[in-house]
Amino acid sequence: NLTSDFSCATKASEDHSGLTRQLLDFQHDTVDETDGGYDPFSQLKERFTDFKQRNYVENFTNYQKLAEQQTPEFMVVACADSRVCPTSILGLQPGDAFTVRNVANLVPPYEHGASETTAALEFAVNSLQVPNVLVVGHSRCGGIQALMSMKSKKDDRSSRTFIRDWVSLGKSARLSTEAAAGNLSFESQCRHCEKESINSSLLNLLTYPWIEERVKEGNLNLHGGYYNFIDCTFEKWTLVYRPGLEGGSKYAIKNRSTWS
Amino acid sequence: PSIHPSHLFPFPFRRPPFDSMDAAVERLKTGFEKFKTEVYDKKPDFFEPLKAGQAPKYMVFACADSRVCPSVTLGLEPGEAFTIRNIANMVPSYCKNKYAGVGSAIEYAVCALKVEVIVVIGHSRCGGIKALLSLKDGADDSFHFVEDWVRIGFPAKKKVQTECASMPFDDQCTVLEKEAVNVSLQNLLTYPFVKEGVSNGTLKLVGGHYDF
């Protein structure tokens, strides 16, 4: 019961209204397309000034404390898609979540070696000691669509090799999607794969020794989330890891629910 | 190896009393419900076209630091900015083997989404930049992947160590935060599709620094 236990509301800022008020009141700028002298700074400057006056100044004491140290509750891995900023959709406040955003919110396995995501996992878990990692996928993900559309290399004359190399990290999700939902439409398969990929990333998290150790000790929880912007729902679940058990029963899902 | 290299934290690091897991997740639920009722449901004309696709004008590189979400500091609305966040907001130079993650993001943003502006934003008190400045030449990596990653900014570190040798460490960090952004902007030009866009005038590269 959130209202009776106020202690859990005091961690960072308990007032989400600043960010949502900002989003609500903001007048949508239109850029004059015919202006050849368009300055990319001018629009951003207005936005920043607005942020400073309405958010920073109001929460100055919080920002001062944050300037000394960040102690985020979450590490979030989200997609770079412009429609799914996790700060906006989850009402995250400054200081709440160390956030990595990449194409298709993928977590490569440990064997993949160095990457920006690996460095971020090392920092967030070992240094910041975040107690939770949340991998957030979403509907209509272009990266997952690219994964599902990939033809074999010899048939693919596309020069977009970067995208191919990166989204291939999700290929086990594609395989399990085709096995479970291969008879459905391409769009339905993509939906399925978006969620499979989140779980595949959660399992990839456990391939990192420092993560597996903390999960086993109970100091780190791994969660999946799926933001569907077609009907504005957010599904979330938590991974259960029982290393003592054999095979598939090592992993389970708990606390699955959909917010709508 | 130490998991708390002292150069990353000025004082002894104490794990703060975090919320219980359930309470932490419950806060996300409250945040989402507020977003849905006060933003999403109130602006159907805004969100409807976004269901079909995105056409962001900006690509943004920002740090993963919990204090510097660019959607907040620059008031970016859903649909406006294809956003990459990583440690110290770095853009490595073109390398198919090592950096497919960043490469695929730039490729997608420039070639598929056709963004008009790429913005790289550094910030004050950046832990990644501090780690870069603290790297000892030839020493073992005690923080293997982080240090390997921040080395992308090595040319900036060399520059700062040469030109700002007499400055206190913290001031050197501030200069390095900005110089590293310049390295990233230069690295962007090593991607053929970026270079082409800049020469054509269809793509602009912008650097920034958020001081909180």
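Naming convention: chains lettered A, B, ... in sequence-line order (proteins, then strands); numbering from 1 in each chain.
- Of the two parts of B:D41, neither the backbone nor the side chain holds a non-hydrogen atom closer than 4.5 Å to a non-hydrogen atom of chain A.
- When heavy atoms are compared at a cutoff of 4.5 Å, A:K236 approaches chain B solely by way of its side chain, counted from C-beta outward.
- The contact between A:D81 and chain B is made by backbone and side chain atoms together, counting heavy-atom distances below 4.5 Å.
- Comparing B:M59, B:K98, B:E48, B:K51 by heavy-atom pairs within less than 4.5 Å of chain A, the highest count is held by B:K51.
- There is no contact between B:F61 and chain A, counting heavy-atom distances below 4.5 Å.
- Contact count against chain A (heavy-atom pairs under 4.5 Å) is highest for B:A100 among B:A55, B:C69, B:A100.
- If you measure heavy-atom distances from B:A109 to chain A, you find no contacts under 4.5 Å at all.
- Residue A:V136 comes nearest to A:N105 through the heavy atom pair O-CG, 3.1 Å, listed as atom of the first residue, atom of the second, then distance.
- The backbone N or O of B:C63 sits less than 3.5 Å from a side-chain atom of B:R85, completing a donor-acceptor pair.
- Contact count against chain B (heavy-atom pairs under 4.5 Å) is highest for A:T233 among A:T49, A:L106, A:L134, A:T233.
- For the set B:P92, B:A64, B:G101, the count of heavy-atom pairs under 4.5 angstrom toward chain A peaks at B:A64.
- When heavy atoms are compared at a cutoff of 4.5 Å, A:H223 approaches chain B solely by way of its side chain, counted from C-beta outward.
- Of the residues considered (B:I152, B:T37, B:T83), B:T83 shows the highest number of contacts with chain A, using heavy-atom pairs under 4.5 Å.
- Looking at A:A97, the atoms closer than 4.5 Å to chain B (heavy atoms on both sides) all sit in the backbone: N, CA, C or O.
- Under the 30°/60° scheme for interplanar angles, the aromatic rings of A:W210 and A:Y110 are found to stand perpendicular.
- Using cut-offs of 30° and 60° on the angle between ring planes, the pair A:F48 and A:F51 is tilted.
- Listed options A:N102, A:L66, A:V100, A:I89 were ranked by heavy-atom pairs under 4.5 angstrom with chain B; first place goes to A:I89.
- Among A:V103, A:I230, A:T99, A:T118, the residue making the largest number of heavy-atom pairs under 4.5 Å with chain B is A:T99.
- Side-chain contact annotation: A:N55 with A:Y63, donor-acceptor N/O pair under 3.5 Å present.
- Remark: B:K42 does not engage B:E38 in a salt bridge, criterion side-chain N to carboxylate O under 4.0 Å.
- The shortest distance between side-chain heavy atoms of A:L90 and A:D96 does not fall below 4.5 Å.
- Note: A:F229 and A:Y227 have perpendicular aromatic rings, judged against thresholds of 30 and 60 degrees for the angle between ring planes.
- Looking at B:T30, its side chain does come within 3.5 Å of a backbone N or O of B:E26 through a donor-acceptor pair.
- Looking at B:L50, both its backbone and its side chain come within 4.5 Å of chain A, counting heavy atoms on both sides.
- Neither the backbone nor the side chain of B:V150 has a heavy atom closer than 4.5 Å to any heavy atom of chain A.
- Under the 3.5 Å distance criterion, with hydrogens and angles disregarded, no donor-acceptor pair is assigned to the side chains of B:H144 and A:E122.
- Contact of B:Y99 with chain A is made through the backbone alone, with heavy-atom distances under 4.5 Å.
- Contact of B:R125 with chain A is made through the side chain alone, with heavy-atom distances under 4.5 Å.
- With a 4.5 Å cut-off on non-hydrogen atoms, B:V60 does not touch chain A at all.
- In this structure, the side chains of A:Q43 and B:Y58 come closer than 4.5 Å at one or more pairs of heavy atoms.
- With hydrogens and angles disregarded, no donor-acceptor distance shorter than 3.5 Å links the side chain of B:Q172 to the backbone of B:L133.
- Looking at A:N228, there are no atoms closer than 4.5 Å to chain B (heavy atoms on both sides), in backbone or side chain.
- Contact of A:S139 with chain B is not made at all, since no heavy-atom distance falls under 4.5 Å.
- No option in A:R54, A:R47, A:K52 other than A:R54 meets the salt bridge (charged side-chain N to carboxylate O under 4.0 Å, His left out) test with A:D50.
- For B:A81, the part lying near chain A is the backbone, with the side chain staying farther off; criterion is any non-hydrogen pair under 4.5 Å.
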